[in-house]
Structure formats: C-alpha cells, structure tokens
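Please see the structure below; I have some questions.
Nothing here was measured: the structure is a model prediction, and the numbers come from that model. Convention: sequence-line order gives letters A, B, ...; per-chain numbering from 1.
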There are 10 protein chains.
Amino acid sequence: MEFLVRSENRLPPETPVERREELRAAERARAMELRQAGVLKRLWRVPGRNATIGLYEAADPAALHDALVSLPMAPWLDVHVEALAQHPQER
Amino acid sequence: MEFLVRSENRLPPETPVERREELRAAERARAMELRQAGVLKRLWRVPGRNATIGLYEAADPAALHDALVSLPMAPWLDVHVEALAQHPQER
Amino acid sequence: MEFLVRSENRLPPETPVERREELRAAERARAMELRQAGVLKRLWRVPGRNATIGLYEAADPAALHDALVSLPMAPWLDVHVEALAQHPQER
Amino acid sequence: MEFLVRSENRLPPETPVERREELRAAERARAMELRQAGVLKRLWRVPGRNATIGLYEAADPAALHDALVSLPMAPWLDVHVEALAQHPQER
Amino acid sequence: MEFLVRSENRLPPETPVERREELRAAERARAMELRQAGVLKRLWRVPGRNATIGLYEAADPAALHDALVSLPMAPWLDVHVEALAQHPQER
Amino acid sequence: MEFLVRSENRLPPETPVERREELRAAERARAMELRQAGVLKRLWRVPGRNATIGLYEAADPAALHDALVSLPMAPWLDVHVEALAQHPQER
Amino acid sequence: MEFLVRSENRLPPETPVERREELRAAERARAMELRQAGVLKRLWRVPGRNATIGLYEAADPAALHDALVSLPMAPWLDVHVEALAQHPQER
Amino acid sequence: MEFLVRSENRLPPETPVERREELRAAERARAMELRQAGVLKRLWRVPGRNATIGLYEAADPAALHDALVSLPMAPWLDVHVEALAQHPQER
Amino acid sequence: MEFLVRSENRLPPETPVERREELRAAERARAMELRQAGVLKRLWRVPGRNATIGLYEAADPAALHDALVSLPMAPWLDVHVEALAQHPQER
Amino acid sequence: MEFLVRSENRLPPETPVERREELRAAERARAMELRQAGVLKRLWRVPGRNATIGLYEAADPAALHDALVSLPMAPWLDVHVEALAQHPQER
C-alpha cells in the first residue's frame with residue numbers, strides 16, 4: 001500500500017557543519033537503499049523549507065514506520081503519514 | 001491492518017423523524033454485518049456529540065474505504081481515518 | 001512542474017442520484033483525458049472521505065488551474081494545491 | 001470506563017543513548033504492569049512518529065492520570081486524553 | 001465524575017419565534033430536572049454568544065451523553081466534553 | 001465575577017527534583033491561601049497532562065491577574081482565561 | 001471593566017435589500033444608545049469584511065452579554081469577547 | 001500604503017449561469033476601474049480555487065474597505081487583509 | 001490610522017531578575033514616550049498572561065513597525081498587528 | 001512564474017549583536033543580487049514582526065528553493081511559499 005509522507009527536518013541551525021554534512025550523506029545513502037527496495041517511490045522538496053514530501057510503498061504501517069526510523073535524520077524529523085487508498089480509476 | 005476512524009454525523013437536525021429512524025436502523029444493521037465480518041472491532045460514542053470513534057480492521061485503505069461507504073449514513077458522515085502501526089509490545 | 005492537489009468534494013448529499021451519477025461519469029471521462037494528456041499522473045482516494053489526492057504536472061500554476069476547473073465537479077470541489085520542487089535525489 | 005490516549009514523546013533527540021535506552025526499558029516494564037492490571041488494553045504506534053495511541057481502562061480520570069504519570073517517560077510525554085462513551089451497539 | 005461541557009447553540013436565526021420560545025422553555029425545564037438530579041451542577045453563559053459552559057456530574061461518559069441528548073435543543077447543539085480529574089488539593 | 005482558567009505547566013522536565021518540589025510546595029501553599037480568600041473556588045487536573053482547569057472568582061480581570069501571577073509557578077504557566085457570564089438559570 | 005468584542009456579521013448575502021437596510025438602521029440606532037450609555041466606547045471596521053472590533057465597558061460579563069444581544073443584528077452575529085485587565089501604566 | 005488582500009469567492013455553485021456571468025462581468029469592469037485608479041496594483045489566482053490574492057494601494061484601511069465593498073461580488077467574498085510595511089530595502 | 005497590537009512576551013522565565021527588571025523599566029520608559037507622542041493610545045493586560053493588547057496610532061504600518069521595534073523588549077515579543085478601519089459611526 | 005513567500009526570522013534574540021549584524025548585512029547583499037537577477041521583485045515587512053512577505057519570480061519551484069536557501073539567514077527562516085497563477089485580467 002502507498003503512503004504520503006510529509007517530513008520537516010528540525011535539525012537545529014546551530015549544528016556544526018561537519019555533523020550536518022555527515023548526517024546528510026548518511027541520509028542520502030539510506031534513502032537510496034529505500035528507493036532500490038521499492039519503499040521510497042518519489043521524493044519532492046517543499047520549496048523554501050528544509051522539508052520533503054515522499055510517496056512510499058510498504059506492506060503495512062508498521063513496515064513503513066521501520067523504514068522511516070531507519071533514516072539517520074529520523075530523530076530530528078517531524079513526520080506526518082497519510083495512508084492512501086487506491087483510486088478505482090487506477091485499478 | 002487496524003485503523004482508528006472518527007466519524008461526525010452531519011445529518012441535518014431538520015431531517016424528518018421517520019427518515020432519521022430508517023437511516024439509523026439501516027446503519028445499525030450494516031454495522032452489525034461489519035462486526036460479524038471482523039471489519040468493525042470496537043465502537044464508542046464521543047460523549048455529547050452525534051459522533052463515533054471506531055476501531056476497524058481491513059486488508060488495506062481501499063478495503064476500509066469500501067466498508068465505510070457501504071454504511072447507509074455515509075453521505076452525511078465526516079470521516080477521518082488514521083492508519084495504526086502495530087506496537088512492538090503487541091507482537 | 002509537479003503539483004500535489006488535495007480535493008474535497010462538497011456536492012450536497014441531497015443531490016438527486018441521477019444528477020450525481022451524471023456528474024461522476026463526466027468527471028471520470030475528463031479525468032481520463034487529463035491522464036492521457038499527461039496532466040494527471042496519479043490519483044488516490046482519501047480513505048473514508050469523498051476526497052482525492054492527485055499528482056499533477058503542468059507548465060505552470062495557471063495551466064494547472066485551467067485543467068482543474070475543466071473538471072465537471074469543479075464548482076463543488078474544495079481544492080488545495082501545493083507546488084512541489086524537484087528533489088536533488090531525482091535529478 | 002475507557003479512554004483514548006494520544007501520547008507524543010518529546011524526549012530531546014540529543015539525549016545520550018544510554019539514558020534513552022534506560023528510559024525505554026523502564027517504560028516498557030511499567031507498560032507491561034499496566035497491561036497486566038488491565039489499565040492498558042491496546043497500544044499502537046503512530047507511523048513515522050515517536051508517538052503512540054492507547055486504549056486505557058480506569059475507574060475515573062484521576063485513576064487514569066495516576067497510571068499515566070507512573071510511566072518513567074511521563075515528564076517528556078505530551079498526552080491528550082479522550083473519554084469514550086460506551087456505544088449502545090456494545091451494551 | 002465531573003465534566004466540563006461547552007455547548008454552542010446552532011439553531012438557525014431564521015427559526016420562527018414561537019418555535020424558538022417553545023424549545024427554550026422545554027430546554028429550561030429539562031435543565032432544571034438535571035439540576036435537581038445533581039447532573040447539572042453549574043451553568044454559565046459565554047458572553048456575546050448563544051453558548052454555555054456547564055459543570056456536569058455523571059457516573060460515566062455514557063450517562064453524561066444520555067443526559068445531554070435528553071435536552072430538547074440537543075439536535076442543534078455543538079457540544080464538546082472534557083473529562084475532569086479530581087485534583088489532589090480537593091481530596 | 002467568575003473566570004475559567006486553563007493552565008499548562010511548562011516547567012522543563014530537566015528541572016532538578018528539589019527545585020521542582022520546592023516550587024510545588026510553594027504553589028500548593030499559595031493556592032490554599034487563594035482558596036481561603038475565595039478566589040480559587042474549584043480546581044481540576046486535565047488527565048494525562050501537567051495542567052489544570054480552575055474556577056476563580058475576582059472583582060475584575062486585573063484582580064484575577066494579580067492572583068494568578070502571585071503563584072510561584074506563574075513564570076512557567078501558560079494560562080488562558082475565559083470570563084464567564086452568570087446564566088439566568090442561576091440568578 | 002472593559003472588553004474587546006470581535007463581531008462577524010453572518011447575515012446571508014441573499015437577504016432582501018429592504019430587510020438588510022431595516023436591520024442596519026435599527027443596529028445603528030441601538031449602537032448609538034449603547035454609546036450614549038457609555039457601554040460602546042470605540043468601534044472599528046475590519047477592512048474588507050462585514051465585521052467589527054469594538055471596545056465596550058460594562059459592569060460584568062452578564063451586563064455585556066445583555067448589551068450585545070440587545071443589538072437587532074445579534075441573531076446573525078458571531079461574537080468573540082475578550083476580558084481586558086487594566087494595565088498598571090494606566091492606573 | 002499597500003495591502004495584501006486574499007479573497008475567497010463563496011458564490012453558491014447552484015447560482016444560475018446568467019446571474020453568475022452577469023456578476024463576473026460587473027466584477028471585471030469594477031476591477032478595471034480600480035486598476036486605473038491605482039488601487040488594484042496586481043491580481044493573482046490561487047490555483048485550483050475560486051479565490052484571488054491582490055496587491056492594493058489605498059490611503060488607509062477605510063479607503064481600502066470602500067474599494068473592496070464596491071466590487072459587485074463583495075457580498076459573497078470572504079476577504080482577509082494584511083497591511084504591509086514598506087521594507088527599508090525599497091526606500 | 002489606528003492599529004490593534006497583540007504582544008506576547010517570550011522572555012525566558014530563567015532570565016536573571018536584575019536583567020528582567022532592567023528590561024521592564026526601560027520598556028515602561030519607552031512606552032511612556034510613545035504615549036506622549038500619541039503613538040500608544042491605550043494598553044491592556046491579557047489576564048493571566050505576560051501579554052498585552054494595545055491601541056496604537058501611526059502614519060502607516062512602517063511607522064508603527066519602527067515604534068514597536070524601538071521597545072527594549074522587542075526582541076522577545078511575539079507581535080500581531082491588525083489594521084483598523086474607521087467606522088462610519090465615528091466619522 | 002511568480003511566488004508569494006512569507007518568511008519568519010527565528011534567529012534567537014540571544015544572538016550576539018555582531019553576529020546578527022554580520023548576518024543582516026550579508027542577507028541584504030544577497031537580497032540585492034536576487035533583485036538584480038529579477039528573482040526578488042517586491043519585499044515588505046510584516047509590521048511588528050521580524051518577518052517579511054516577498055514577491056518572487058523563478059523558472060520553477062526548485063529554482064525558487066535554490067534562491068531562498070542562498071540567503072545567509074536561510075537556516076533560521078521559517079518560510080512558506082504559495083505558487084501564484086496568472087490572473088486572466090493581467091494576460
């Protein structure tokens with residue numbers, strides 16, 4: 001099933017540059033793994049914000065939760081998930 | 001998977017009593033079928049309101065949607081669904 | 001550019017069945033045209049609601065607006081549009 | 001009587017891992033006691049968040065309050081309680 | 001147990017005066033019965049609004065719900081209930 | 001005149017236990033004085049939260065303000081006051 | 001004591017012009033009486049809206065309520081009242 | 001001074017086509033007059049909605065109010081005005 | 001023109017007493033200057049909060065902004081400004 | 001295409017004056033560059049707040065995002081972007 005995932009990054013602006021870069025690189029790497037596993041299907045930036053909107057696919061909400069908390073930035077992310085129902089037009 | 005379903009009934013107060021009773025009886029009958037099918041697991045009233053909170057189980061959000069719109073009151077219900085993730089303590 | 005479009009259908013529940021069905025059929029037909037034109041890329045139902053979330057692509061917000069108001073249900077839709085920025089991971 | 005309890009965990013992401021693990025283990029142990037006492041009946045994770053939704057049973061709101069503040073994480077939890085009324089269908 | 005009950009009266013302003021007066025008189029009479037039964041303990045007006053705040057006592061949320069829907073104005077009331085926990089200072 | 005006072009305690013969870021206990025004891029003592037002076041008439045806990053709802057009586061909003069800021073916890077309280085109008089049923 | 005009163009006029013746009021003018025004239029006349037009685041001290045328009053912000057003075061919230069419901073437009077007004085406390089700078 | 005004006009058009013979808021067209025034409029004509037008078041400086045559509053965002057210039061909020069209620073659609077518009085302060089970069 | 005100014009003081013409760021008193025004294029002095037200049041016309045306390053509501057007069061929003069940021073507490077104030085339109089009754 | 005950009009500056013009030021001035025000067029310089037590039041078309045202050053409203057033009061949301069994060073204050077800005085559709089009156 002598919003989920004719409006809105007994620008605001010609350011990493012404090014005072015975080016040292018190296019720490020921030022290290023986290024970003026690790027985040028990117030893990031996101032790539034989730035893409036290859038078919039869990040992360042699309043990702044957009046919310047213009048002007050340190051935030052993303054993603055389209056995910058997972059077996060159920062618990063599997064999605066595990067994928068999301070596997071992201072290195074997870075402790076600083078404020079995440080809202082919306083379960084999407086298949087539309088009859090797409091059956 | 002389980003869902004928390006909050007449902008406000010917006011049937012206008014001016015609805016004739018017979019129409020209202022007819023809808024309520026049909027609603028109750030359909031709800032009983034959903035209980036027997038294991039889709040509706042628990043139902044509570046929100047005290048003071050013409051509203052309920054329900055715990056539902058369905059294969060996915062589309063199956064839940066079909067169950068909810070099968071309720072005779074559906075055209076007047078303002079429904080909010082929250083997908084629940086199994087908690088590790090309950091595995 | 002891509003847009004996330006949230007659309008609540010406010011067609012009154014008292015609308016006669018034939019009128020409703022006529023509008024739905026016309027809506028479906030126009031949506032199919034928008035899909036074929038590459039404007040409507042994905043569509044989901046919000047479970048439990050007479051509402052959808054769609055992923056659209058259009059040259060600019062004015063072109064998107066024209067596409068959305070071309071839907072026969074448009075006068076009853078409460079629509080919120082979010083412009084999406086391409087994420088560097090998808091470049 | 002039953003209560004729906006929504007709980008956001010605001011433990012700062014900067015909390016040292018050992019402190020966090022210690023709190024989590026104590027939380028789990030206390031939650032298990034509340035389950036065995038019949039106070040905590042169901043618990044779900046809100047997908048993507050460090051948050052839970054629980055179904056509790058207690059003699060009254062004061063007894064529920066005492067149970068909730070007995071959790072070791074309580075000082076960091078942002079809790080919202082909703083009193084549930086028994087639905088006639090479940091009498 | 002005690003409850004704080006906020007109630008907005010949505011009776012349409014176009015309601016004929018006699019119907020409104022009839023409902024008000026019946027409301028007052030039923031409220032008086034609830035006072036005598038110890039269910040309605042205090043009642044205030046929200047200044048400037050057709051709304052009240054009440055302090056109620058009932059065995060549980062279902063009993064409170066039954067009391068509130070027994071009011072003749074109930075179909076037009078938008079009610080929000082908050083369960084109150086006894087404060088240790090008042091034990 | 002009477003006021004409904006909602007008060008969220010924002011004392012940081014990291015506050016040392018002795019400081020917290022000292023403040024709580026002083027708070028209790030001052031609250032008792034306000035009760036004896038007829039200013040604090042009822043007090044409830046919001047279940048699950050470090051928050052209270054109180055029924056106060058004071059000559060006017062300025063007198064209420066003075067009473068509320070005389071509480072030792074005042075610098076950490078997020079307070080919302082609602083002026084209540086006497087209901088004709090209670091005249 | 002003084003109150004800040006925000007008032008949105010919900011008279012339907014379909015109201016016949018004569019009815020609307022009749023109500024406006026009566027409203028103006030009653031407002032003038034409230035000014036002369038020292039109850040209505042200042043009145044502003046919220047630019048762009050059929051709404052006002054007023055500064056009122058009354059003995060207590062019940063007296064303010066009586067003044068506000070004495071306005072001929074009262075059944076269509078959505079009113080929010082805020083009790084103001086005298087500032088020490090103005091003592 | 002300049003104002004940002006957000007305007008939602010609440011004309012009911014059931015309004016007859018001729019009435020709607022008549023109102024739209026009159027609205028357009030009056031808007032053009034406001035442009036020529038230098039009151040309406042820019043106008044945008046909110047994509048997907050029957051709503052606009054406008055940049056207006058007027059001597060003061062009362063003059064802006066008069067301009068806005070001179071629009072034939074005004075009775076159906078839900079308008080929010082924000083007063084803008086000149087930025088030092090534009091002095 | 002006149003403005004309604006709502007101002008929440010977010011100075012942290014941990015601020016040393018002398019610093020706080022120093023800021024308050026400077027604030028009072030500057031407020032008095034603004035009163036004498038006819039900019040600050042009325043000031044009220046929001047009961048129970050470290051917050052005020054003020055009625056200001058200034059040539060335009062930029063002049064109001066300059067007056068507000070001239071207050072020594074300005075860096076800690078969360079300010080919301082509403083431009084008021086003269087009401088025809090006060091012309 | 002044009003965008004309306006609302007930006008709240010969350011730089012902590014405790015930031016040392018030199019750091020703040022340095023950031024402001026760099027911000028101003030970068031804003032001037034964006035003006036010269038035709039990206040920043042208008043800028044206003046929200047009166048009473050450390051906040052701005054800007055009218056931007058960019059090829060698409062990603063280009064706007066790049067412009068906004070190029071501002072030296074970006075890590076402390078809470079930004080909300082609204083995509084604007086050209087109005088037929090301005091074609």
Side-chain angles (χ1 to χ4, degrees), chain E residues 1-9 20-21 23-58 60-61 64 67-68 70-73 77 79-91, chain F residues 1-9 20-21 23-58 60-61 64 67-68 70-73 77 79-91:
Chain E
M1 46 178 294
E2 290 177 309
F3 299 90
L4 196 66
V5 177
R6 204 168 287 263
S7 181
E8 295 271 330
N9 191 328
R20 175 181 298 271
E21 282 316 311
L23 276 165
R24 276 201 185 146
E27 185 81 359
R28 216 165 5 221
R30 181 63 187 131
M32 284 305 171
E33 289 174 8
L34 291 176
R35 275 181 198 269
Q36 280 159 7
V39 174
L40 173 54
K41 296 170 82 172
R42 292 294 313 275
L43 192 67
W44 298 271
R45 264 197 183 138
V46 182
R49 301 187 70 74
N50 192 358
T52 59
I53 294 177
L55 177 64
Y56 284 74
E57 180 148 25
D60 59 32
L64 175 73
L68 292 170
S70 77
L71 290 163
M73 279 285 192
L77 300 182
V79 174
H80 286 91
V81 166
E82 220 173 337
L84 300 167
Q86 196 192 29
H87 195 283
Q89 288 179 16
E90 300 202 348
R91 264 172 209 162
Chain F
M1 47 178 293
E2 290 178 308
F3 298 91
L4 195 66
V5 178
R6 205 168 284 263
S7 181
E8 295 271 332
N9 191 328
R20 175 180 299 271
E21 281 317 311
L23 277 165
R24 277 200 186 146
E27 185 83 359
R28 218 164 4 220
R30 182 64 188 131
M32 285 305 169
E33 290 174 8
L34 292 176
R35 276 181 198 269
Q36 280 158 7
V39 174
L40 173 55
K41 295 171 83 172
R42 291 297 310 275
L43 192 67
W44 298 272
R45 265 196 182 138
V46 182
R49 302 188 69 74
N50 192 357
T52 59
I53 293 177
L55 177 64
Y56 284 75
E57 180 148 24
D60 59 32
L64 176 72
L68 292 171
S70 77
L71 289 164
M73 279 286 192
L77 299 182
V79 174
H80 287 90
V81 167
E82 220 173 337
L84 300 167
Q86 196 191 28
H87 196 283
Q89 288 179 17
E90 301 203 347
R91 265 172 207 160

Report task. Would you mind checking which part of F/Arg42 comes under 4.5 Å of any heavy atom in chain E, side chain (CB onward), backbone (N, CA, C, O), both or neither? Result ->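 Answer is both: backbone and side chain atoms of F/Arg42 are under 4.5 Å from chain E.
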
Query - chain E contact via F/Ile53 - side chain, backbone, both or neither, heavy atoms under 4.5 Å - result: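 Answer is side chain: those atoms of F/Ile53 sit under 4.5 Å from chain E.
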
Query - Pairs of heavy atoms under 4.5 Å with chain F: top-ranked of E/Gly48, E/Ala31, E/Pro47 - result: E/Pro47

Query - Separation between CD of F/Gln89 and CZ of E/Arg28, rounded to the nearest 0.5 Å - result: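 The distance works out to 7.5 Å.
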
Query raised in the report: Any side-chain heavy atom of E/Leu55 within less than 4.5 Å of one from F/Leu55?
Result: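 Result no, sub-4.5 Å side-chain heavy-atom pair not found.
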
**Report entry** Option in F/Glu2, F/Glu82, F/Glu90 with maximal non-hydrogen atom pairs under 4.5 Å from chain E
**Finding:** F/Glu90

